[in-house]
Student: 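What follows is a single structure, and I will ask about it in a moment.
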Amino acid sequence: MPLLRWFALLLVVFLLQGRAQADSEEDYETKQWQEIDVPLPVGPAEERLQSFYVSMVTDNKFFIDLATLSVGSDGVVRYVLVIVTPSGARNVTFEGMRCETRENRIYASGRRDGTWSKSRNSEWSRIKDVHANRHHAVLFLEYFCPVGVIVRDATEAKEALRSGKHPDNKMW
């Protein structure tokens, strides 16, 4: 009889463990990623711009406004990007980057007077290491998502930009 009770107790333990595991899997499946609402930042200022290297193939200059660089509780690195062409034309965008999914999004484009125009197509898109948008791949690989993992905070991202690479990106 004691052996039968032991088996019954063991069976109850296994059943309870299975139910607990099923509950945790259901919780995981129902928790969807939710992006937080973030206000548009102030327009970029020259004294806050940090340059970063993209490629010897482009003559454009690339900058991040360090005052706008943030890491949200939703796992999105947000920043103002400034691209300056050799002729002096400026392209200013407020963007977000998700390291978890290797995606970026443009929230708004900057105007000359420092105001913003919200993007008509503000969908998340896959970051590809191609010539036309190489700067997004560089930001992802070298500064904001070293080895595919998001930086801990804005300070870590700023230090990576200032030093020219994230310390976790080791040269082999």
Side-chain angles (χ1 to χ4, degrees), residues 24-45 48-55 57-85 89-169:
S24 67
E25 287 173 3
E26 288 172 13
D27 288 344
Y28 180 76
E29 289 174 8
T30 58
K31 290 182 182 175
Q32 295 285 328
W33 174 76
Q34 183 66 41
E35 186 172 10
I36 61 173
D37 254 349
V38 176
L40 295 174
V42 297
R48 299 187 314 241
L49 296 181
Q50 174 65 52
S51 65
F52 66 97
Y53 178 77
V54 171
S55 166
V57 179
T58 181
D59 291 329
N60 292 340
K61 294 182 180 166
F62 300 86
F63 304 90
I64 297 292
D65 183 340
L66 294 180
T68 65
L69 186 54
S70 69
V71 178
S73 60
D74 56 357
V76 176
V77 180
R78 292 181 180 84
Y79 52 90
V80 168
L81 172 70
V82 178
I83 303 172
V84 181
T85 68
R90 292 170 60 99
N91 183 20
V92 178
T93 51
F94 177 49
E95 304 185 0
M97 183 173 291
R98 288 189 68 202
C99 298
E100 183 180 348
T101 58
R102 193 181 175 126
E103 294 177 306
N104 77 304
R105 175 180 176 187
I106 298 175
Y107 298 103
S109 296
R111 297 184 185 116
R112 283 184 174 228
D113 64 359
T115 61
W116 295 100
S117 172
K118 286 195 175 185
S119 294
R120 285 183 229 137
N121 179 12
S122 185
E123 300 295 317
W124 288 99
S125 60
R126 184 88 172 145
I127 296 171
K128 297 175 184 161
D129 194 355
V130 294
H131 177 70
N133 291 313
R134 173 95 175 98
H135 55 281
H136 289 127
V138 168
L139 289 171
F140 179 89
L141 296 167
E142 300 294 328
Y143 302 105
F144 301 156
C145 313
V147 297
V149 179
I150 191 169
V151 290
R152 286 181 300 278
D153 54 30
T155 301
E156 183 180 345
K158 290 174 186 178
E159 287 304 314
L161 284 164
R162 286 184 185 117
S163 67
K165 69 176 180 140
H166 193 279
D168 288 350
N169 289 333

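The first residue in the sequence is number 1, and the count goes up from there. Just so you know, these numbers use all the heavy atoms, side chains as well, and skip hydrogens, waters and symmetry mates.
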Student: Taking the side chain as everything from C-beta on, heavy atoms only, tell me whether Ser125 gets closer than 4.5 Å to Asn104.
Tutor: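 Yes. Closest side-chain heavy atoms under 4.5 Å.
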
Student: Where do Val82 and Arg90 land on the side-chain contact (heavy atoms from CB on, under 4.5 Å) test, with the steps shown first?
Tutor: CA-CA 7 Å; Val82 178; Arg90 292 170 60 99; 3.7 Å; yes

Student: At what distance, to the nearest 0.5 angstrom, does OG of Ser109 lie from NZ of Lys118?
Tutor: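 One finds 12.5 Å between OG of Ser109 and NZ of Lys118.
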
Student: Determine, for Glu35 against Arg105, whether the closest basic-nitrogen to carboxylate-oxygen distance falls under 4.0 angstrom.
Tutor: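 So Glu35 pairs with Arg105 through a salt bridge.
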
Student: Tell me, do Cys99 and Val149 make a side-chain contact under 4.5 Å, heavy atoms counted?
Tutor: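 Result no, sub-4.5 Å side-chain heavy-atom pair not found.
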
Student: Looking only at the side chains, is there a donor atom on one of Glu95 and His136 sitting less than 3.5 Å from an acceptor on the other?
Tutor: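 There is such a pair (donor and acceptor under 3.5 Å, judged by atom type) between the side chains of Glu95 and His136.
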
Student: Does some side-chain heavy atom of Val138 sit less than 4.5 Å from a side-chain heavy atom of Tyr143?
Tutor: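 Sidechains of Val138 and Tyr143: in contact.
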
Student: May I ask you to check whether over 12 heavy atoms, not counting those of Arg162, lie within 6.0 Å of atom CZ?
Tutor: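 Correct, the count exceeds 12.
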
Student: Kindly indicate whether the side chain of Leu161, heavy atoms from C-beta on, has any atom under 4.5 Å from the side chain of Phe144.
Tutor: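 Side chain of Leu161 against side chain of Phe144, heavy atoms only: contact under 4.5 Å found.
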
Student: Closest approach of Ile150 and Val76, non-hydrogen atoms and distance?
Tutor: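 Looking at all heavy atoms of both residues, the shortest contact is CD1-N, 4.2 Å.
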
Student: Between the side chains of Thr115 and Asp113, is a donor N or O closer than 3.5 angstrom to an acceptor N or O?
Tutor: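 Short answer, yes.
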
Student: So how far is it from Lys158 NZ to Glu156 CD, rounded to the nearest 0.5 Å?
Tutor: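 So the gap between those two atoms works out to 12.5 Å.
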
Student: If you measure from OG1 on Thr93 to CG on Leu81, what distance do you get to the nearest 0.5 Å?
Tutor: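 Spacing of OG1 (Thr93) from CG (Leu81) equals 4.0 Å.
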
Student: Does Phe94 have Arg78 sitting over its ring (NZ/CZ under 6.0 Å from centre, angle to axis within 45°)?
Tutor: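 Not flagged: Arg78 not positioned over aromatic ring of Phe94.
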
Student: So which of Asn60, Thr58, Asp129 actually passes side chain to side chain donor-acceptor pair (under 3.5 Å) with Arg134?
Tutor: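 It is Asp129; the other options fail the test.
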
Student: Which atoms form the tightest heavy-atom contact between Val80 and Pro41, and what is the distance?
Tutor: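 In terms of heavy atoms, the two residues are closest at CG2-CG, 3.6 Å.
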
Student: Contact between Asp65 and Tyr79 at the side-chain level, heavy atoms closer than 4.5 Å - yes or no?
Tutor: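 With C-beta onward as the side chain, the pair stays apart.
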
Student: Please round to the nearest 0.5 Å and tell me the distance separating atom CE of Met97 and atom CH2 of Trp124.
Tutor: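 Here the interatomic distance stands at 9.0 Å.
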
Student: Between atom CD1 of Ile106 and atom CG of Asn121, what is the distance when rounded to the nearest 0.5 Å?
Tutor: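 Going from the CD1 atom of Ile106 to the CG atom of Asn121 covers 9.0 Å.
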
Student: Counting neighbours of NZ on Lys61 that are heavy atoms of other residues, nucleotides or ligands and sit closer than 6.0 Å, is the number greater than 12?
Tutor: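 Incorrect, the count does not exceed 12.
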
Student: At their closest point, which heavy atom of Pro44 faces which heavy atom of Leu49, and how far apart are they?
Tutor: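 Of all heavy-atom pairs spanning Pro44 and Leu49, the closest is CB-CD2, 4.1 Å.
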
Student: Flag the pair Phe62 / Tyr53 as yes when their ring centroid distance falls below 6.0 Å, and as no otherwise.
Tutor: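 Between Phe62 and Tyr53, the centre distance exceeds or equals 6.0 Å.
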
Student: With no hydrogens and no angle check, is any side-chain donor or acceptor of Trp116 less than 3.5 Å from a backbone partner on Arg111?
Tutor: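 Answer holds: no.
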
Student: Going from CD1 on Ile127 to NE2 on His135, what distance comes out if it is rounded to the nearest 0.5 angstrom?
Tutor: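 It is 9.5 Å, given to the nearest 0.5 Å.
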
